[in-house]
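Reckoned from all heavy atoms, side chains included, excluding hydrogens, waters and symmetry mates. From a predicted model like this one, the values you see are computed outputs, not experimental measurements. The residues of the chain are indexed from 1 along the displayed sequence.
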Amino acid sequence: MEPVTLTTDRLLLRPPTPQDTGTVLAAVQDPDILRWTTIPSPYLVEHARSFTEQLVPTGWANGTTCTWGLFLPEEEELVGMLGLAMRAPGTAEIGFWAGKEHRGKGYVTEAVRAVSRWAFTELSIDRVEWRAEVGNQSSRAVAERVGFVMEGVQRSGITHQGVRRDCWVGALLPSDLGLPSTVQYLPAPR
């Protein structure tokens, strides 16, 4: 798959490139990003280089993971990062982080909504899943603002720094954004 650039009212979403390695490395030194994401800790220059030079382009090329840097368009200042990993036919999982100085401004919510809409309309995805370690209130708040429905707690659902941890699970369907599904959906009787 060819990399895709998206825009929102305030953001430019484009795949991070090797020119962004230093910016990514600096942003990820934030203890909150290291605490709540599954990226390596400590996060070293070789991790950032591998991310921008190998993981991002390979994910796009083989269609397994679409990764965007979230940038303010004027000077392409990095706001955060967002990834969409294909999990099964019609299903993808979304993950994201925001730089410390850009939290609380709605940038990530805006990006998650745009990428989810793109996945539903361009990739025939019918379910975007979100997971975060129990306690990551900021991530949960983003998911809920976008419209993800919280489905529960998955015991031992993620591994963070070598430790299995419980995680919240939520999902967004095309209908949650007013879009049609590519296949029929029959919800459980209420």
Side-chain angles (χ1 to χ4, degrees), residues 1-8 11-73 75-103 107-108 110-125 127-133 136 138-139 142-143 157-165 167:
M1 168 186 320
E2 286 297 314
V4 172
T5 297
L6 302 171
T7 58
T8 68
L11 298 172
L12 170 68
L13 284 66
R14 65 163 176 80
T17 67
Q19 290 81 4
D20 300 309
T21 300
T23 306
V24 170
L25 176 64
V28 175
Q29 299 311 306
D30 176 4
D32 286 333
I33 293 173
L34 294 172
R35 165 61 183 95
W36 294 112
T37 67
T38 57
I39 61 176
S41 179
Y43 195 77
L44 307 173
V45 69
E46 53 264 29
H47 297 123
R49 197 174 292 127
S50 174
F51 177 70
T52 60
E53 295 177 8
Q54 296 170 344
L55 294 174
V56 171
T58 300
W60 278 102
N62 64 26
T64 58
T65 305
C66 305
T67 304
W68 290 270
L70 317 180
F71 295 91
L72 296 177
E75 297 177 19
E76 290 208 25
E77 179 182 353
L78 181 67
V79 168
M81 200 65 62
L82 188 153
L84 188 70
M86 305 309 139
R87 294 292 182 226
T91 303
E93 182 177 336
I94 201 161
F96 46 82
W97 56 258
K100 187 174 196 163
E101 61 279 1
H102 298 292
R103 292 184 192 133
Y107 293 133
V108 175
E110 193 173 308
V112 169
R113 188 175 289 115
V115 166
S116 296
R117 182 174 292 281
W118 174 81
F120 293 143
T121 60
E122 300 299 321
L123 296 182
S124 299
I125 296 293
R127 178 180 167 87
V128 175
E129 297 176 342
W130 161 88
R131 298 183 316 148
E133 184 179 334
N136 188 345
S138 297
S139 183
V142 167
I158 60 173
T159 302
H160 182 247
Q161 297 179 0
V163 178
R164 301 286 306 180
R165 299 167 192 252
C167 65

Inset, instruction - For a side chain to side chain donor-acceptor pair (under 3.5 Å) with Asp30, tell me which candidate from Lys100, Arg35, Arg103 qualifies. - result: Arg103

Inset, instruction - Write down the atom of Ile94, the atom of Ser116, and the distance for their closest heavy-atom approach. - result: CD1-OG, 4.0 Å

Inset, instruction - Check the pair Tyr107 / Thr8 against side chain to side chain contact (heavy atoms under 4.5 Å, CB included), numbers first and verdict last. - result: CA-CA 9 Å; Tyr107 293 133; Thr8 68; over 6 Å; no

Legend entry - Single hit among Thr5, Thr67, Leu70, Thr7 for side chain to side chain contact (heavy atoms under 4.5 Å, CB included) with Leu13: Leu70

Legend entry - Gap separating the CG atom of Leu11 from the CD atom of Glu77, nearest 0.5 angstrom: 11.0 Å

Legend entry - Approximate separation, where rounding is to 0.5 Å, of Leu55 CG and His47 NE2: 10.5 Å

Legend entry - Gap separating the CZ atom of Arg131 from the OG1 atom of Thr38, nearest 0.5 angstrom: 9.0 Å

Inset, instruction - Starting at NE2 of His160, measure out to OG1 of Thr37 and round the result to the nearest 0.5 Å. - result: 5.5 Å

Inset, instruction - Have a look at Ser139 and tell me which of Trp130, Trp97, Trp36 forms a side chain to side chain donor-acceptor pair (under 3.5 Å) with it. - result: Trp130

Inset, instruction - Mind checking salt bridge (Lys or Arg N to Asp or Glu O under 4.0 Å) for Arg164 and listing every partner two or more places apart, or none if nothing turns up? - result: none

Inset, instruction - Might you work through the side chain to side chain contact (heavy atoms under 4.5 Å, CB included) test for Val112 and Leu82, ending with a clear yes or no? - result: CA-CA 8 Å; Val112 169; Leu82 188 153; 3.7 Å; yes

Inset, instruction - Take His102 and Leu72 through the test side chain to side chain contact (heavy atoms under 4.5 Å, CB included) and record every step on the way to the result. - result: CA-CA 10 Å; His102 298 292; Leu72 296 177; 4.0 Å; yes

Inset, instruction - Find out whether Val56 and Met81 are in side-chain contact, i.e. whether some heavy atom of one side chain is under 4.5 Å from a heavy atom of the other. - result: no

Legend entry - Smallest separation among heavy atoms of Ile158 and Cys167, with atom names: CG2-SG, 4.0 Å

Inset, instruction - Calculate, to the nearest 0.5 Å, the distance between atoms CZ and CG belonging to Phe71 and Leu78 respectively. - result: 5.0 Å

Inset, instruction - Please name all residues satisfying salt bridge (Lys or Arg N to Asp or Glu O under 4.0 Å) with Glu129, sequence neighbours left out, ordered by chain then number. - result: Arg127

Legend entry - Exercise: identify the closest heavy-atom pair between Leu123 and Trp118: CD1-CZ3, 3.4 Å

Legend entry - For Pro15 against Pro3, the heavy-atom pair lying closest together: CG-CB, 3.6 Å

Inset, instruction - Identify the heavy atoms of Gly63 and Met86 that sit nearest to each other, and give their distance. - result: O-CG, 3.3 Å

Legend entry - Which atom of Ile33 lies closest to which atom of Ala98, heavy atoms considered: CD1-O, 3.7 Å

Legend entry - Reported OG1-to-CD distance for the pair Thr65 and Glu93, which is rounded to 0.5 angstrom: 10.0 Å

